[in-house]
Amino acid sequence: MSTMKNNNNKPVPKPSRAPRDAEGEAAPAVPATEPTQVGRITVSDIAARAGVSVMTVSRALSGKGYVAEATRERVLAMAQAMGYVANLGAKALKGGRTHVLGLLVTDFESPVVAAIINAISRVVKQAGMDLIIYDIAPNAGGQARPELVPLLSSLCDGLLLILPGQHAEQLEHFQRTELPVVLVNYWRAPTPLPVVRADNYEGAYALTRHLLDLGHRRIAFVRGTAYSGQSQERERGYAAALGHAGLAPAPELVVEGNFGQRSGFEQGLQLLDLAEPPTAVFCANDLMALGLLDAARARGLQVPKDLSLVGFDDIPAAAHTHPALTTVQQDYEQLGGSAVRLLLQQVEAGVQRGIRVELQSSLVIRESTAVPPVAKASRGASSSLSSSSSSSSSSTAAARKVASAPAQPERKKR
């Protein structure tokens with residue numbers, strides 16, 4: 001180091017030039033040692049260790065602004081080694097991206113919600129982002145929690161909401177935020193927010209039409225809870241299919257369930273104890289259909305020999321119960337993926353658009369449906385009356401075989 005002399009002729013160190021980083025910016029003159037303070041590692045700590053400026057570290061961590069590739073790699077490696085955790089809230093307040101999406105849920109017990117969450121999680125990971133899942137169920141007093149909206153807005157680039165029971169007024173908190181928001185499978189009420197949801201009406205219509213085509217005329221319907229809006233749509237499809245066949249829903253055949261398996265069992269007993277019970281039951285979801293299957297067994301009935309049974313949703317248990325359940329499949333992979341992609345489009349555009357996307361559902365025919373017992377009896381009578389003719393006997397035997405054989409698993413796309 002060069003020196004100069006003071007008035008006492010003692011050597012004085014000459015000030016050295018401030019070091020400059022690879023981007024030509026002045027780097028902090030701090031020894032490249034472990035920070036001594038205890039607590040959160042800061043951008044300044046990383047800059048000191050890497051021998052670059054705070055601005056260079058910020059650019060490297062955010063991915064915005066030019067930083068030489070070698071410098072960027074060095075900064076990122078140093079940040080990881082030091083256990084740096086970004087302050088996402090501060091980053092968002094400065095107008096930056098957190099590369100995090102929020103998923104707000106009110107019901108973690110539903111197998112349908114679980115399937116949607118898994119699908120969303122996979123698509124978010126494929127997009128190279130992180131996902132925060134937050135329980136936004138109303139508090140003990142049944143009130144909404146509006147304080148969560150600003151909190152999550154500071155952490156996330158956008159929000160996905162699986163809130164089937166939220167009232168329209170409770171969604172006003174999300175309508176007022178500037179953060180992009182997408183509602184997933186929401187049917188409760190009209191809303192200006194973007195919605196991605198699976199069809200209910202057409203699937204219910206096709207399911208009821210399937211029972212009518214088999215020959216059923218006394219078809220019961222077990223409702224789900226009214227708050228989500230999905231049960232009403234499924235009942236609307238059921239009633240429309242009956243109407244197009246010249247029938248009207250019999251009041252005693254439409255009963256109140258709550259989407260739970262126990263309610264399916266209880267309402268099933270009520271239906272099967274009627275003076276004229278139904279020959280087929282349409283449950284507004286698969287869980288209630290599983291409960292009704294137990295009710296049929298409790299009454300000594302066989303499905304589908306004595307009673308045809310259908311559900312809705314195609315949860316995993318529907319294919320593995322005995323007999324396997326005829327139902328309507330909603331593609332939750334497609335639902336979750338479409339919701340994430342729509343949200344990312346709005347994050348990039350910086351504009352919230354009131355888009356509604358409705359995805360098609362599919363009828364899945366399995367072993368729980370067959371022709372009604374009355375039709376089987378009449379076919380048997382026709383067989384005995386025509387037994388004198390060999391050709392007629394052959395035809396009747398074939399008809400009997402079709403009537404008694406369980407339907408093979410099959411998927412139909414409407």
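Treat the numbers as computed from the prediction; the structure is a model and nothing was measured. Hydrogens, waters and symmetry mates play no part in the numbers below; they use all other heavy atoms, side chains included. For this chain, numbers begin at 1 and follow the sequence in order.
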Heavy-atom donor-acceptor pair, [X] side chain to [Y] backbone, under 3.5 Å:
| X | Y | value |
| --- | --- | --- |
| N285 | F259 | yes |
| T71 | V67 | no |
| S308 | A370 | yes |
| S53 | T56 | yes |
| N258 | T225 | no |
| D313 | G311 | no |
| D45 | R49 | no |
| E233 | D199 | no |
| S121 | I117 | no |
| T321 | A318 | no |

Begin with the C-alpha distance, continue with both residues' side-chain angles, and end with the deciding distance and a verdict on side-chain contact (heavy atoms from CB on, under 4.5 Å) for L325 and V310.
-> CA-CA 6 Å; L325 190 64; V310 299; 5.7 Å; no
For [X], all residues meeting ring pair (Phe, Tyr, Trp, His ring centres under 6.0 Å), sequence neighbours excluded:
| X | value |
| --- | --- |
| Y205 | H244 |
| F312 | none |
| F221 | Y238, F282 |

Taking the side chain as every heavy atom from C-beta outward, state whether [X] and [Y] have any pair of such atoms under 4.5 Å apart.
| X | Y | result |
| --- | --- | --- |
| L309 | C283 | yes |
| V357 | P194 | no |
| L103 | I132 | no |
| P278 | L271 | yes |
| R234 | Y201 | no |
| V184 | L335 | yes |

Above 12 or not: heavy atoms from other molecules or residues under 6.0 Å from CZ of R262?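 No, not enclosed.
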- Please check if atom CZ in R356 has more than 12 non-hydrogen atoms from other residues, nucleotides or ligands closer than 6.0 Å.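 Not more than 12 within 6.0 Å, no.
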* Among V57, V52, I46, find the one that has a side chain to side chain contact (heavy atoms under 4.5 Å, CB included) with M78. =>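 Single pass found, and it is I46.
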inquiry  = Under the criterion side-chain hydrogen bond (donor to acceptor under 3.5 Å, both in side chains), I'd like the reasoning laid out for H210 against T326: C-alpha separation, chi angles, the key distance, then a yes or no.
reply    = CA-CA 10 Å; H210 166 65; T326 293; 4.7 Å; no
Could you check whether D314 pairs with R366 (Lys NZ or Arg NE/NH1/NH2 to Asp/Glu carboxylate O, under 4.0 Å)?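 Judged by the 4.0 Å cut-off on N to carboxylate O distance, D314 and R366 do form a salt bridge.
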Do the side chains of D273 and R299 get close enough for a salt bridge, i.e. N-O under 4.0 angstrom?
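So D273 pairs with R299 through a salt bridge.
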Taking all atoms of both residues into account, what is the closest heavy-atom pair of N185 and A198, and its distance?
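Nearest heavy atoms, N185 then A198: OD1-N, 2.9 Å.
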Exercise. Nearest heavy-atom pair of G102 and L131: which atoms, and what distance?
Worked result: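 Shortest heavy-atom contact: C-CD1, 4.4 Å.
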* Would Q334 and Y332 satisfy side-chain hydrogen bond (donor to acceptor under 3.5 Å, both in side chains), going step by step from the backbone distance to the final call? -> CA-CA 5 Å; Q334 185 184 13; Y332 299 116; over 6 Å; no
- Tell me the salt bridge (Lys or Arg N to Asp or Glu O under 4.0 Å) pairs involving residues 340-349, sequence neighbours left out?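 Every salt bridge (Lys or Arg N to Asp or Glu O under 4.0 Å) pair that includes a residue of residues 340-349, provided the two are not neighbours, is R97-E348.
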What pairs of donor and acceptor atoms, side-chain ones from residues 248-257 against any protein atom, are under 3.5 angstrom apart with sequence neighbours left out?
from: E252; atom 1: OE2; to: R218; atom 2: NH2; distance (Å): 3.3
from: E256; atom 1: OE2; to: R223; atom 2: NH1; distance (Å): 2.3

**Report entry** Pairing residues for A127 by the side chain to side chain contact (heavy atoms under 4.5 Å, CB included) criterion, not counting sequence neighbours
**Finding:**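 With sequence neighbours excluded, A127 shows a side chain to side chain contact (heavy atoms under 4.5 Å, CB included) to M129, L344, given in chain and number order.
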